Peer 1: 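Handing you a structure now.
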Amino acid sequence: MMPNLGRAVKYDVIVVGAGHAGCEAARASARMGLRTSIITMNLDLIAQMSCNPAIGGIAKGHLVREVDAMGGAMGEVADAVGIQFRLLNTSRGPAVWSPRAQCDKKQYRLRMREVLEREANLRILQAEVAGLWIEQEVIQGVHLRDGRSIASYCVIVTTGTFLNGIAHVGEKQYSCGRNGEAPSQLLGEQLRALGLDWTRLKTGTPPRLDGRTIDWARFEAQHGDPEPTPFSFLTGKIERQQAPCYVAYTTEETHRVLREAIHRSPLYSGQIQGVGPRYCPSIEDKIVKFPDKSRHQIFLEPEGLDTYEVYVNGMSTSMPIDVQAAMVASVPGLQDAEMIRPGYAIEYDAIDPRELNHALMVRRIAGLFLAGQINGTSGYEEAACQGLLAGVNAWCWLGGTDPLLIRRSEGYTGILVDDLVTKGAEEPYRMFTSRAEFRLHLRIDNADERLTPILHRCGIVSSERWALYEKKRRQKALVLNWLNEQRVNRSELALAGDDRPVYAVWLRRPEARIEQVAGMVREFLGEEPAPGLLTTIETELKYAGYIEQQQRQMRRLRDSEERRIPDALEFGSIPGISREVSEKLSRVRPETLGQAGRIPGVTPAAVAVLAVYLDLHGRGV
């Protein structure tokens, strides 16, 4: 419920930081009618793509689709400025298809700033937040470094890698937020002093090269899809100019250079203390941990259409600059390449996400929300979905309504949040499709069906998006009915034999494709099918048995998620639960019986005891 601050409050919500989490948080709260301010240290770097200038990828593309289905901006912006689109994993089943787009780095941040500036309830301020204004464990606003204090009912902190950030390039280290930008040390020290559990994490970037000094003829071109797959359900077709990327490989000389200089690596000298992402190791880490590999794949990716800057994907490093230069020159075709910017590693503070509830609000400080890398995640996409949820939940909290909670069975967004607040983040958290129990249900084509109705109730979904959703839902019902009634026209499909099943049964055959009857479907509808409609229908018909099985499993999961655990429950007083398990339960404070079962070290037997205890004491609601 909205606190009574007893003073004039200019903003309902203040968002600290204008990265991918901050942009989505600020836009979401503003679109729902809240007076919102987003505060950044540099207006010109809003939505800066500080690492790879790409959006999406395996599982990350699912998150972008979900952000779009929930009314977020990332998908629409990526569609507008993408310079190469690829649908990944198409050799496998539709559950793991995932879009990815190489983006024009400069245009992405310019377009996102335009999106924010169009929001009537949003104000963008350039300043440094030096501290949070907290009284009696209730947020009151923020204190700025220039001496001003701004009151607000909610604060959403989305500081990325800026909290006490330290960059490493070989033996040299210096304080920064991103390379060349000032860190957030005052706010970082205050967050440490609040008594919240925190940790140090690490990430890194590769060198950037001048494309004019690269011998492009030595590399294999990798082109995008002829028919690009958009991220946004609102994007009809991608018609923007596309650019190729190029595939390259390290050599034995590359490996020799790195092995001989490994003692100068901050990773191996002990200079870096933070934990890095296991799934995205630096090039020197690859050489040490995979000594049997004779080469490693790297990609040369353009950072935009009006720049010569090239991102060397797969060559993230914190080695000294002279080693980086020798490493780059060891790749045939890059022998004369000039570095525009060297690679670097950065260490930063992150808050243990178990300090949060599922609404992403700090349990001990009312009105304080955290989103993005401050919660131990990596990646633009993981940050964006958190930011959107934090913005929506600020609105819910101020209005005194139940928070928006996305279930694990409803989206990868729900999986991400539940994993964070239940298990914490011992290393930078990255989304994978393998984290999902119900992958066949959580596809990119049905993200709107899963999430748009939920967010529509909050007022964040635009009328245009809702109309498109309603059209798709109406068309789906009509087409499914037609497919279940009309028998196959064998001459139309050039089929042999006398069997004439209905089209719905025929489409379950492995060789059958809905594109073969798309013309008839269009003729029946009398209009163009909604984007993705035919793919959704074909997938649900082909995998009907598996989907029904997952739906039964989801119902069982929902039952356990509906068993609420009282906030004040003393787990140590429950007979039959060991001290070790009760300590784990007390640390996480699970909100439901289902969440309790996902805490590492909490056994099924302990969950059963907890369930019986709740029944006997009448506390399960």
Side-chain angles (χ1 to χ4, degrees), residues 51-54 166-174 179 201-222 244-303 308-347 378 427-428 430:
C51 194
N52 191 354
I166 297 178
H168 300 265
V169 182
E171 299 88 346
K172 296 183 179 180
Q173 53 182 304
Y174 50 92
N179 200 11
L201 297 178
K202 168 258 176 188
T203 188
T205 68
R208 272 69 157 190
L209 308 179
D210 187 331
R212 293 169 295 185
T213 63
I214 294 174
D215 183 359
W216 294 105
R218 302 290 297 273
F219 303 107
E220 173 192 351
Q222 183 185 68
C245 297
Y246 292 84
V247 182
Y249 296 92
T250 60
T251 65
E252 285 293 347
E253 175 63 12
T254 313
H255 298 196
R256 184 194 65 77
V257 167
L258 291 169
R259 280 195 300 267
E260 292 182 359
I262 200 67
H263 63 283
R264 301 177 63 194
S265 165
L267 277 177
Y268 289 93
S269 68
Q271 182 174 307
I272 291 178
Q273 301 296 317
V275 181
R278 183 164 31 107
Y279 43 79
C280 187
S282 66
I283 188 66
E284 56 265 35
D285 224 9
K286 294 177 187 177
I287 301 305
V288 171
K289 293 181 176 177
F290 305 102
D292 57 314
K293 286 192 172 291
S294 60
R295 65 178 190 173
H296 293 278
Q297 192 175 55
I298 58 178
F299 296 90
L300 305 176
E301 301 175 336
E303 297 227 339
Y308 293 109
E309 191 169 357
V310 174
Y311 181 92
V312 189
N313 194 346
M315 211 174 244
S316 174
T317 186
S318 58
M319 293 295 271
I321 292 179
D322 61 304
V323 178
Q324 292 189 39
M327 171 185 73
V328 168
S330 70
V331 177
L334 300 183
Q335 63 274 2
D336 298 318
E338 296 179 9
M339 273 197 296
I340 294 177
R341 289 188 271 177
Y344 66 95
I346 185 165
E347 283 186 281
S378 69
E427 62 179 321
R430 176 178 178 174

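What you see is a predicted model; the values in this text were computed from it and never measured.
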Peer 1: State plainly whether the residues Glu309 and Arg341 are in salt-bridge range, i.e. N to O under 4.0 Å.
Peer 2: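 Between Arg341 and Glu309 there is a salt bridge, with a charged N closer than 4.0 Å to a carboxylate O.
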
Peer 1: Decide, yes or no, whether a salt bridge links Arg264 with Asp322 under the criterion of side-chain N to carboxylate O below 4.0 Å.
Peer 2: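 Salt bridge: yes.
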
Peer 1: If you count every heavy atom of other residues, nucleotides or ligands that lies below 6.0 Å from Glu220 atom CD, does the total exceed 12?
Peer 2: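 No, not enclosed.
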
Peer 1: If I compare all heavy atoms of Met315 with all of Val328, which pair ends up nearest, and what's the gap?
Peer 2: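 Closest approach of Met315 to Val328: SD-CG2, 4.3 Å.
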
Peer 1: Where do Gln271 and Gly170 come nearest, in terms of heavy atoms and distance?
Peer 2: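 So the minimum-distance heavy-atom pair works out to NE2-O, 3.2 Å.
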
Peer 1: Can you see which heavy atom on Arg430 is nearest to which on Ser378, and at what distance?
Peer 2: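 Residues Arg430 and Ser378, closest heavy atoms: CB-OG, 3.9 Å.
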
Peer 1: Walk me through it: do Tyr311 and Asn52 pass the test side-chain contact (heavy atoms from CB on, under 4.5 Å)?
Peer 2: CA-CA 7 Å; Tyr311 181 92; Asn52 191 354; 3.6 Å; yes

Peer 1: Residues two or more places apart in sequence or in another chain: which of them pass side chain to side chain donor-acceptor pair (under 3.5 Å) with Thr203?
Peer 2: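 Side chain to side chain donor-acceptor pair (under 3.5 Å) check on Thr203 returns nothing, list empty.
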
Peer 1: Just distance, no hydrogens or angles: give the donor-acceptor pairs under 3.5 Å from side chains in residues 329-339, sequence neighbours left out.
Peer 2:
unit_1, atom_1, unit_2, atom_2, d
Ser330, OG, Thr254, OG1, 2.6
Ser330, OG, Met327, O, 2.6
Gln335, OE1, Gly333, N, 2.6

Peer 1: List for me each residue that meets salt bridge (charged side-chain N to carboxylate O under 4.0 Å, His left out) alongside Glu301, sequence neighbours excluded, and say none if there are none.
Peer 2: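 For Glu301 the salt bridge (charged side-chain N to carboxylate O under 4.0 Å, His left out) partners, ignoring immediate neighbours, are Arg100.
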
Peer 1: Nearest 0.5 Å, what's the OG-CD1 distance between Ser282 and Ile287?
Peer 2: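 Rounded to the nearest 0.5 Å, the OG-CD1 separation comes to 9.5 Å.
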
Peer 1: For a quick test of reading the model, state the closest non-hydrogen atom pair linking Pro206 to Val312 and the distance between them.
Peer 2: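 In this case the closest contact between Pro206 and Val312 is CB-O, 3.1 Å.
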
Peer 1: Charged N to carboxylate O under 4.0 angstrom, Glu252 versus Arg256?
Peer 2: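 Salt bridge: no.
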
Peer 1: So does Val275 get a backbone contact from the side chain of Glu427, meaning a donor-acceptor N/O pair under 3.5 Å?
Peer 2: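 Side chain of Glu427 to backbone of Val275: no pair is present.
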
Peer 1: Examine distances only and state if a side-chain atom of Gln324 and a backbone atom of Met319 form a donor-acceptor pair shorter than 3.5 Å.
Peer 2: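 Such a contact is found between Gln324 side chain and Met319 backbone.
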
Peer 1: Is the shortest side-chain heavy-atom distance between Ile321 and Lys172 below 4.5 Å?
Peer 2: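 A side-chain contact is absent here, since even the closest heavy-atom pair is not under 4.5 Å.
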
Peer 1: Without swapping roles, check the side chain of Lys286 against the backbone of Gly314 for a donor-acceptor pair under 3.5 Å.
Peer 2: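 Such a contact is found between Lys286 side chain and Gly314 backbone.
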
Peer 1: What heavy-atom pair brings Ile272 and Ser318 nearest, and what distance separates the two atoms?
Peer 2: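 Distance-wise, the nearest heavy atoms are CD1-OG, 4.3 Å.
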
Peer 1: Looking only at heavy atoms, what is the nearest atom pair of Pro53 and Pro302, with distance?
Peer 2: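 The pair with the smallest heavy-atom distance is CG-O, 4.1 Å.
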
Peer 1: Measuring from atom OH of Tyr344 to atom CD1 of Ile346, what distance do you get when rounded to the nearest 0.5 angstrom?
Peer 2: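 Spacing of OH (Tyr344) from CD1 (Ile346) equals 5.5 Å.
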
Peer 1: Just wondering, do Val288 and Tyr268 contact through their side chains at under 4.5 Å, heavy atoms?
Peer 2: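 Tyr268 vs Val288: side chains touch.
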
Peer 1: Nearest 0.5 Å, what's the OH-OG distance between Tyr249 and Ser294?
Peer 2: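 Output value for this atom pair is 11.0 Å.
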
Peer 1: Closer than 3.5 angstrom, by distance alone: can the side chain of Glu284 be matched with the main-chain N or O of Thr317 as a donor-acceptor pair?
Peer 2: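 Here the side-chain-to-backbone pair does not exist.
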
Peer 1: Rounded to the nearest 0.5 Å, what's the gap from CG on Leu209 to OH on Tyr308? Could you check?
Peer 2: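 Here the rounded value is 15.5 Å.
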
Peer 1: How long is the gap from OH on Tyr246 to CH2 on Trp216, to the nearest 0.5 Å?
Peer 2: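 Atom-to-atom, Tyr246:OH and Trp216:CH2 are 6.5 Å apart.
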
Peer 1: Let me confirm one number: the CZ-CG distance from Phe219 to Leu300, rounded to the nearest 0.5 Å.
Peer 2: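 Between Phe219 CZ and Leu300 CG, I get 5.0 Å after rounding to 0.5 Å.
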
Peer 1: Taking Thr250 as the fixed residue, which of His255, Arg295, His296 is the one that meets the side-chain hydrogen bond (donor to acceptor under 3.5 Å, both in side chains) rule?
Peer 2: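 Per the side-chain hydrogen bond (donor to acceptor under 3.5 Å, both in side chains) rule, the option paired with Thr250 is His255, out of His255, Arg295, His296.
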
